[in-house]
Amino acid sequence: DSGVTQTPKHLITATGQRVTLRCSPRSGDLSVYWYQQSLDQGLQFLIQYYNGEERAKGNILERFSAQQFPDLHSELNLSSLELGDSALYFCASSPQTGGYNEQFFGPGTRLTVL
Amino acid sequence: AQTVTQSQPEMSVQEAETVTLSCTYDTSENNYYLFWYKQPPSRQMILVIRQEAYKQQNATENRFSVNFQKAAKSFSLKISDSQLGDTAMYFCAFMKPPSSQGTYKYIFGTGTRLKVLA
């Protein structure tokens, strides 16, 4: 158990819908990272927040957005969902930002878009 | 743009034997970090080992070691005395702190599926 929690574990929804994935980092960690893992594209970095502020952006679609709240939990919002958005979404956290810090990964949220 | 390539989609090794997973990357940066993460069937991503690019000495963690060749942009993972519990997907990852014109970069390879055979 990494100490990072993600809810829900599984999510099944329809195309065109909007969902929110939630992540609680390890106690004391200020950085939160979001990744998408799909079958044919490996692990893709989406976005990083550090102490409430966006710190880095990867291959995140405009239909996706995220935020980190004052209590440091983070939410990833996915809207106008498409079949191709079906994937495992990971949240990770680290004490500081980027670089050499080990990222501790949550168990992931499995999103299925029908 | 930075890329990470893992050219071996699948590998297998006999228990107690040694196996090497390859990873190459492409970057023009001088300051960066390299990681190997393990993803067992449980899907939990776990850090195996990490290396700072400015350090010439190869990192070692118990049965896991790396062969870091900076000039060749190669970062292979050697697993000695393979155990059944090493069966997992292994991801090589490149992480770069921001430069004057850039931001953080977190790039993962597509993974190598390793199966340890009894």
Side-chain angles (χ1 to χ4, degrees), chain A residues 1-6 8-10 23 25-26 29-51 53-60 66 87-112, chain B residues 1-10 21 23 25 27 29-55 59 61 64 68 88-99 101-113:
Chain A
D1 185 355
S2 66
V4 178
T5 60
Q6 290 187 248
K9 285 187 179 180
H10 302 277
C23 168
R26 293 187 326 155
D29 284 359
L30 299 178
S31 266
V32 169
Y33 313 77
W34 285 99
Y35 292 88
Q36 179 192 57
Q37 184 178 28
S38 50
L39 280 175
D40 59 347
Q41 291 189 0
L43 204 66
Q44 300 283 328
F45 167 67
L46 296 178
I47 198 164
Q48 177 206 355
Y49 279 82
Y50 175 73
N51 204 20
E53 293 188 0
E54 183 182 304
R55 187 53 64 99
K57 216 169 199 178
N59 300 322
I60 187 166
L88 191 57
Y89 291 84
F90 283 106
C91 167
S93 75
S94 67
Q96 297 296 327
T97 183
Y100 194 60
N101 287 280
E102 174 182 357
Q103 294 184 22
F104 295 87
F105 284 77
T109 292
R110 168 76 67 188
L111 173 66
T112 302
Chain B
Q2 288 84 5
T3 58
V4 175
T5 302
Q6 293 180 249
S7 59
Q8 306 151 313
E10 293 186 0
L21 310 184
C23 172
Y25 57 95
T27 183
E29 300 288 336
N30 197 44
N31 181 28
Y32 51 88
Y33 309 93
L34 296 163
F35 301 76
W36 278 97
Y37 278 88
K38 165 185 176 180
Q39 187 180 39
S42 67
R43 292 290 200 170
Q44 184 79 46
M45 294 282 287
I46 303 163
L47 177 67
V48 175
I49 198 166
R50 54 186 161 179
Q51 174 85 39
E52 297 162 89
Y54 66 84
K55 285 189 177 179
E61 288 286 342
F64 299 88
F68 175 48
M89 191 77 149
Y90 287 82
F91 291 95
C92 177
F94 168 97
M95 297 187 183
K96 181 190 81 66
S99 58
Q101 297 180 351
T103 181
Y104 287 98
K105 294 286 185 186
Y106 306 102
I107 302 169
F108 281 70
T110 52
T112 295
R113 188 175 304 280

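A, B, ... follow the sequence lines: proteins, then strands. Residue 1 opens every chain.
Between B/Tyr106 and A/Tyr35, the ring center distance fails the sub-6.0 Å criterion.
Residue-environment remark: NZ (B/Lys105) stays at or below the threshold of 12 foreign heavy atoms within 6.0 Å.
Only the side chain of B/Tyr37 comes within contact range of chain A, with heavy atoms under 4.5 Å apart. For a residue to count as touching a neighbouring chain, one of its non-hydrogen atoms must lie under 4.5 Å from one of that chain's; by this rule A/Phe90 touches chain B with the side chain only.
In this structure, the side chains of B/Gln39 and A/Leu43 stay at 4.5 Å or more apart for every pair of heavy atoms. The closest side-chain heavy-atom distance from B/Phe108 to A/Gln44 is not below 4.5 Å.
In this structure, B/Phe35 CZ and A/Gln103 CD are separated by 7.0 Å, a value rounded to the nearest 0.5 Å. Atoms CZ and CG, from A/Phe104 and B/Leu47 in turn, are 7.5 Å apart once rounded to the nearest 0.5 Å.
When each of A/Ala92, A/Ser2, A/Gly106 is scored by its heavy-atom pairs under 4.5 Å with chain B, the top score falls to A/Gly106.
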